[in-house]
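Structure first, commentary second.
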Amino acid sequence: MSADALAAAASGRSIDLPTPAFDEHHTPSAALAGDCVHCGFCLPSCPTYVLWGEEMDSPRGRIDLMKQGLEGGPLTDSMVGHFDACLGCMACVTSCPSGVQYDRLIEATRAQVERRHDRTRRDRALRGAIFALFPYPRRLRALRGPLRAWQRIGGDRLLRRTGLLERMAPSLAAMERLAPQLSKAERLPDRVAAVGERRAVVGMLTGCVQREFFPAVNAATARVLAAEGCDVM
Ligand code: SF4
Ligand code: SF4
């Protein structure tokens, strides 16, 4: 309890306790969070930790924040920022020698954040746009043409030079910087035949964003599998 809260209790005044981060509907499991022994083996495998070197942007740090929430701490903006920044890549799950199920922890945490955290209007708009676009390959495909034309006339470089997007919507600016230079779409055939004797048949998930914006990655994957004797469907 804080000094203010103690003073208020001593004087008989009512105390405004902060709203706890989590409610009881699918609370992140305290037992799973307790499995983390803070060894740090997962840190080098976490891209956000490697990028920023911030403890709270590592799996261990995020689990600590979950524990704070489980102990009744409030869901602060900074806490939400660290949860939001997790890419959900789950590289930490396979690198953890203690078998910590971070995937289940972050899944439950994200649902709590969506229910209990008031996002700013700008944040809501950006997230709404992302969820209305990224899971839909057809919508992404429709965006390719205009985006490619925009890149060809140098609109992306001009926008970066003005710094306008950076000032108005830093998250959008970061995404724009990561957008690949689009070339003609490389479509995968329905079946890529194995080179030489067939050893296996592999079903390949081509993804939503990857299929439309990074098709060369899928094409290269199919080539490698075919070279290893796999029919790729
Ligand atoms: S999540 Fe696993 S690897 Fe990472 S600090 Fe905790 S116990 Fe260690
Ligand atoms: S899932 Fe999140 S915490 Fe785990 S390695 Fe990926 S970015 Fe890091």
Side-chain angles (χ1 to χ4, degrees), residues 20-23 25-117 119-120 122-124 126-131 133-135 140 166 169-180 204-214 217-218 220-221:
F22 304 135
D23 60 26
H25 184 66
H26 295 305
T27 316
S29 159
L32 292 185
D35 286 343
C36 174
V37 295
H38 304 116
C39 64
F41 275 112
C42 56
L43 268 55
S45 69
C46 174
T48 55
Y49 179 76
V50 170
L51 197 59
W52 299 317
E54 286 285 336
E55 174 67 17
M56 290 308 160
D57 284 310
S58 76
R60 182 174 64 185
R62 290 182 179 118
I63 291 170
D64 260 346
L65 293 175
M66 291 170 200
K67 284 183 183 165
Q68 287 177 29
L70 287 166
E71 285 161 9
L75 195 57
T76 61
D77 289 348
S78 110
M79 209 183 220
V80 170
H82 296 300
F83 293 143
D84 279 354
C86 168
L87 302 175
C89 63
M90 304 308 161
C92 51
V93 177
T94 46
S95 65
C96 173
S98 304
V100 173
Q101 295 179 47
Y102 177 85
D103 47 343
R104 290 180 55 194
L105 286 168
I106 192 72
E107 187 183 291
T109 302
R110 286 209 154 118
Q112 295 272 348
V113 168
E114 286 320 301
R115 244 190 354 264
R116 296 173 64 77
H117 178 64
R119 293 190 182 276
T120 61
R122 182 189 290 181
D123 207 10
R124 282 201 304 275
L126 179 64
R127 293 172 72 83
I130 288 172
F131 287 117
L133 184 64
F134 284 7
L140 288 169
E166 189 71 56
S171 317
L172 205 57
M175 274 193 266
E176 194 277 329
R177 282 196 302 274
L178 291 172
M204 194 170 102
L205 298 176
T206 51
C208 304
V209 176
Q210 180 145 307
R211 186 189 322 176
E212 298 305 328
F213 285 81
F214 301 91
V217 176
N218 283 342
T221 308

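Numbering of ligands and ligand atoms starts at 1, following listing order. All values reported here derive from a predicted model rather than from experimental measurement.
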Taking only non-hydrogen atoms of P97 and a 4.0 Å limit, the atoms of ligand 1 in range are 3 (S)

Backbone N or O of L32 within a donor-acceptor pair of the R104 side chain at under 3.5 Å? no

pair T48-E54: side-chain heavy atoms closer than 4.5 Å
no

Close side-chain approach of H117 to D123, heavy-atom, < 4.5 Å: no

shortest atom 4 (Fe) of ligand 2-to-protein heavy-atom contact is with C92 SG, 2.3 Å

Nearest non-hydrogen protein atom to atom 8 (Fe) of ligand 2, with distance, is C46 SG, 2.4 Å

Contact region, S98 to ligand 1, non-hydrogen atoms below 4.0 Å, reads side chain

Residue, atom and distance of the protein heavy atom nearest atom 3 (S) of ligand 2 read R62 NH1, 3.1 Å

TODO: Tell me, please, if C89 has any N/O/S atom, main chain or side chain, under 2.8 Å from atom 8 (Fe) of ligand 2?
DONE: no

The answer for which part of V100 has a heavy atom under 4.0 Å from ligand 1 is side chain

For atom 6 (Fe) of ligand 1, the closest protein heavy atom turns out to be C36 SG, 2.4 Å

Step by step, would you call Q101 with D35 a side chain to side chain donor-acceptor pair (under 3.5 Å)?
CA-CA 8 Å; Q101 295 179 47; D35 286 343; 5.7 Å; no

Main-chain N/O of G207 paired to E212 side chain as donor or acceptor, under 3.5 Å
no

(message) Check this for me: does any side-chain nitrogen of one of D57 and R62 sit under 4.0 Å from a carboxylate oxygen of the other?
(response) yes

In ligand 2, the atoms that come under 4.0 Å of a heavy atom of G88 are 1 (S), 2 (Fe)

Short version for Y49: what comes under 4.0 Å of ligand 2, heavy atoms counted, is neither

For G40 and P44, the nearest pair of non-hydrogen atoms, with its separation, is O-CD, 3.7 Å

Rounded to the nearest 0.5 Å, the CZ atom of R60 sits from the SG atom of C96 at a distance of 11.5 Å

For C42, the atoms of ligand 1 under 4.0 Å from one of its heavy atoms are 1 (S), 3 (S), 4 (Fe), 5 (S)

> Take atom CG in L178; do more than 12 heavy atoms of anything else shown fall under 6.0 Å from it?
Replying inline: yes

the protein heavy atom lying closest to atom 7 (S) of ligand 2 turns out to be L87 N, 3.3 Å

the protein heavy atom lying closest to atom 1 (S) of ligand 2 turns out to be M90 N, 3.2 Å

Using a distance threshold of 2.8 Å, state whether an N, O or S atom of C39 lies below it from atom 8 (Fe) of ligand 1. yes

Quick note on ligand 1: atoms under 4.0 Å from a heavy atom of G40 include exactly 5 (S), 8 (Fe)

the protein heavy atom lying closest to atom 2 (Fe) of ligand 2 turns out to be C86 SG, 2.4 Å

Query raised in the report: Is Q112 close to D23 at the side-chain level, that is, under 4.5 Å between some pair of heavy atoms?
Result: yes

